[in-house]
Amino acid sequence: MDQSSPAPRISELHDHAGQPVVVRGWVTHVRSSGKVAFAVIRDGTGVCQAVFVKSVVPPEVWERFGQLTTEASVLVTGIPKPEPRAPGGFDLQVSDLVIHGESPTDYPIQPKEHGVDHLLDNRHLWLRSPRQRAIFVIRNEIEQAVHDFYYQRGFLRVDTPLLTAAIGERAGLFETEYFEEGKAYLAQTGQLYGEAAAAAFGKIYTFGPTFRAEKSKTRRHLTEFWMIEPEVAWNDSADNMRLQEDFVAYLVQRVLEKCRPQLAELERDVAKLEKVTVPFVRIDYTDAVATLQSKGSDVKWGDDLGAEDEALLVEDYEKPVFVMNYPKEAKAFYMKENPADPRTVLCDDLLAPEGYGEIIGGSQREDDYEKMIARIKEEGLPLDAYGWYIELRKYGTFVHSGFGLGLERTVAWICGLPHIREAIAFPRMMHRLRP
RNA sequence: UCCCCAGUAGCUCAGUUGGUUAGAGCAUUCGACUGUUAAUCGAAGGGUCGUAGGUUCAAGUCCUACCUGGGGAGCCA
């Protein structure tokens with residue numbers, strides 16, 4: 001093995017054309033035509049094609065090629081040459097081959113269609129496929145864009161606890177023993193802590209995993225998912241929606257700017273993403289109900305909008321749609337009463353186009369001490385569990401609002417994925433705890 | 001929790017009104033081929049038809065229960 005040659009990543013091969021290098025990676029395809037043989041090598045940055053010419057390579061190297069199997073890990077020494085016929089655009093004219101880790105011939109993922117059950121059972125191996133890599137490059141770009149967006153706007157990132165006492169929503173909590181304190185619950189949201197942090201730091205956001213023990217079996221649900229939750233002091237509901245549309249438009253823009261090859265790998269219709277520009281569409285709940293009724297829905301004022309209603313509402317628009325100011329009964333206790341119509345609260349859901357549904361839920365928070373206590377009692381929630389949260393209204397209450405954006409739903413929409421489970425490396429669903 | 005659907009080779013599937021020895025493609029193994037692109041061509045191996053019970057002369061096929069998974073509803077991001 002040539003120890004003196006550089007070992008660039010495959011994406012860097014163009015800087016080494018004509019010079020011997022060592023490529024380290026995994027074998028994705030092996031083909032032989034008798035006296036010329038090809039092995040496609042993947043290293044996570046791209047693929048290149050190692051070319052073995054029987055009359056050129058040493059006999060023992062030719063012999064070793066014959067032992068190559070899909071997903072064997074290898075160190076290949078050779079000279080990279082631009083080659084339009086080669087996958088990845090580069091041939092590697094091979095002089096030496098070391099098989100680092102062999103791979104038995106029963107590798108479960110083939111370059112053909114598989115059922116979801118099989119793919120999910122083999123998620124640890126499925127991640128190696130080009131499509132999955134494209135998704136995770138885009139997810140990474142979105143995560144980085146989230147941090148850039150808020151950093152540029154002077155937000156502080158605050159990490160909120162995942163182990164909490166019973167607070168937040170009531171249903172669907174994962175519980176665990178917590179020493180002498182009784183039960184602890186995995187966080188369903190960081191929002192309440194985010195509100196405390198907003199009073200301390202002004203503009204904050206959280207970015208972390210959240211947990212819902214709902215027995216939901218749909219293409220939009222996970223039991224563990226990542227959420228970005230900004231909370232901003234002195235923002236009212238209108239400010240809140242402006243922040244949301246700026247944010248979502250920025251994420252889409254960043255992916256369009258940085259991830260064209262990945263969008264192409266996923267065969268995403270980019271024209272649809274290019275239409276996602278501010279301002280988004282705004283529809284008042286009351287108007288939405290009227291529109292839905294005229295379209296034949298039997299929804300009544302006061303009902304929450306079902307998935308079918310949402311789809312019906314969004315079908316006429318090519319950009320995301322805000323539905324604002326829902327009836328009080330349909331929404332959480334912490335949302336602020338709408339002064340213009342006290343039957344409703346100052347909130348918004350943001351519905352993504354193309355049937356991807358709700359990606360954001362946001363609201364202005366109730367900042368009146370007495371009204372908040374009254375709402376907690378109305379909902380039948382245990383007042384003492386919310387002691388510290390209510391104190392945020394006692395000591396210097398403040399107008400504030402915020403929202404939660406579901407990362408996997410956003411990734412699924414931007415990538416055009418048929419199911420949210422592909423938007424996270426190791427999805428947790430009702431029937432999936434491993435791998 | 002409710003509704004619908006599926007389970008046959010390692011993978012993806014076909015299998016007729018119930019009828020002899022359950023098939024195909026891919027993958028695997030062996031052979032051929034000096035530019036392959038999910039290479040091609042030839043040959044071979046590979047099955048407790050999800051589990052248990054039932055109907056029948058006869059069950060992959062019909063019935064019941066269960067198991068496993070998928071899609072949707074509700075709830076939400």
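Each chain gets a letter, A, B and so on, in the order its sequence line appears, and its residues count up from 1.
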Checklist entry - Can you find a side chain N or O atom of Arg220(A) that sits less than 4.0 Å from OP1 or OP2 on rA73(B)? => result yes
Next on the checklist: Without decimals, in angstroms, what is the distance between Leu119(A) CG and rG69(B) P?
Outcome noted: 16 Å
Next on the checklist: ring-ring contact (aromatic ring centres under 6.0 Å, His included), that's the test. Do Tyr150(A) and Phe247(A) meet it? Break it down for me.
Outcome noted: CA-CA 9 Å; Tyr150(A) 290 111; Phe247(A) 178 44; 4.9 Å; yes
Next on the checklist: Distance check needed: rC75(B) C1' versus Tyr326(A) OH, whole Å only.
Outcome noted: 13 Å
Item to check | Polar pair under 3.5 Å, donor/acceptor by atom type, side chain Ser216(A), base rG74(B) | outcome: yes
Next on the checklist: So if I define the base as every atom that isn't primed, P, OP1 or OP2, how would nucleotides 26-36 of chain B read as a B/S/- string at a heavy-atom cutoff under 4.0 Å?
Outcome noted: BSSS---BBBB
Next on the checklist: Does Lys217(A) reach a base, just sugar-phosphate, or nothing at all? Heavy atoms under 4.0 Å.
Outcome noted: base
Next on the checklist: At 4.0 Å (heavy atoms only), tell me whether Ala307(A) reaches a base, stays on the sugar-phosphate, or touches nothing.
Outcome noted: sugar-phosphate
Checklist entry - Would you call the rings of Phe207(A) and Trp226(A) parallel, tilted or perpendicular, where under 30° means parallel and over 60° means perpendicular? => result perpendicular
Next on the checklist: What is the distance, to the nearest angstrom, from the CZ atom on Arg219(A) to the P atom on rC75(B)?
Outcome noted: 19 Å
Item to check | Spatial distance of atom CD1 (Ile79(A)) from atom CG (Leu92(A)) [nearest 0.5 Å] | outcome: 8.5 Å
Item to check | d(CD, Glu71(A); P, rA38(B)) in whole Å | outcome: 16 Å
Next on the checklist: If I take atom CD in residue Glu358(A) and atom P in nucleotide rC75(B), what distance separates them, rounded to the nearest angstrom?
Outcome noted: 11 Å
Checklist entry - Do Arg365(A) and Ser363(A) have side-chain N/O donor and acceptor atoms under 3.5 Å apart? => result yes
Next on the checklist: Could you tell me how far apart Ile109(A) (CD1) and rC11(B) (P) are, to the nearest whole angstrom?
Outcome noted: 11 Å
Next on the checklist: Checking Glu337(A) against Lys371(A) for the salt bridge (Lys or Arg N to Asp or Glu O under 4.0 Å) test, could you report, in this order, the C-alpha distance in whole Å, the side-chain angles of both residues, the deciding distance, and whether it holds?
Outcome noted: CA-CA 9 Å; Glu337(A) 189 178 284; Lys371(A) 278 187 174 158; 3.6 Å; yes
Item to check | d(CZ, Arg409(A); P, rC76(B)) in whole Å | outcome: 11 Å
Next on the checklist: Does Gly306(A) reach a base, just sugar-phosphate, or nothing at all? Heavy atoms under 4.0 Å.
Outcome noted: sugar-phosphate
Checklist entry - OP1 or OP2 of rG71(B) sitting under 4.0 Å from any side-chain N/O of His419(A)? => result yes
Item to check | Nearest-nucleotide pick for Lys215(A), side chain only, options being rU1(B), rA73(B), rG72(B) | outcome: rU1(B)
Next on the checklist: With a 4.0 Å cut-off on N to O distance, would you call Arg24(A) and Asp43(A) a salt bridge?
Outcome noted: no
Next on the checklist: Tell me whether the side-chain N/O atoms of His221(A) come closer than 4.0 Å to OP1 or OP2 in rC76(B).
Outcome noted: no
Next on the checklist: Test salt bridge (Lys or Arg N to Asp or Glu O under 4.0 Å) on Glu354(A) and Arg268(A); report intermediate values, then the result.
Outcome noted: CA-CA 12 Å; Glu354(A) 302 174 66; Arg268(A) 182 67 167 104; 2.8 Å; yes
Next on the checklist: Output the rounded distance in Å from CD (Gln244(A)) to C1' (rA77(B)).
Outcome noted: 12 Å
Checklist outcome for this item: When rounded to the nearest 0.5 Å, the distance separating CZ of Arg131(A) from CD of Glu422(A) is 4.0 Å
Checklist entry - Where does RNA chain B pair, written as one dot-bracket string 5' to 3', with Watson-Crick or G-U pairs under 3.5 Å, ( ) inside the strand, [ ] for crossing pairs and | for another strand? => result (((((((..((((.....[...)))).(((((.......))))).....(((((..]....))))))))))))....
Next on the checklist: salt bridge (Lys or Arg N to Asp or Glu O under 4.0 Å) for Arg139(A) and Glu408(A)? Distances and angles first, verdict last.
Outcome noted: CA-CA 8 Å; Arg139(A) 178 177 166 125; Glu408(A) 287 76 16; 2.9 Å; yes
Checklist entry - Does rG71(B) have OP1 or OP2 sitting under 4.0 Å from an N or O in the side chain of Arg421(A)? => result yes
Next on the checklist: Check this for me, if you would: do Lys331(A) and Asp348(A) make a salt bridge, where the nitrogen-to-carboxylate-oxygen distance has to be below 4.0 angstrom?
Outcome noted: no
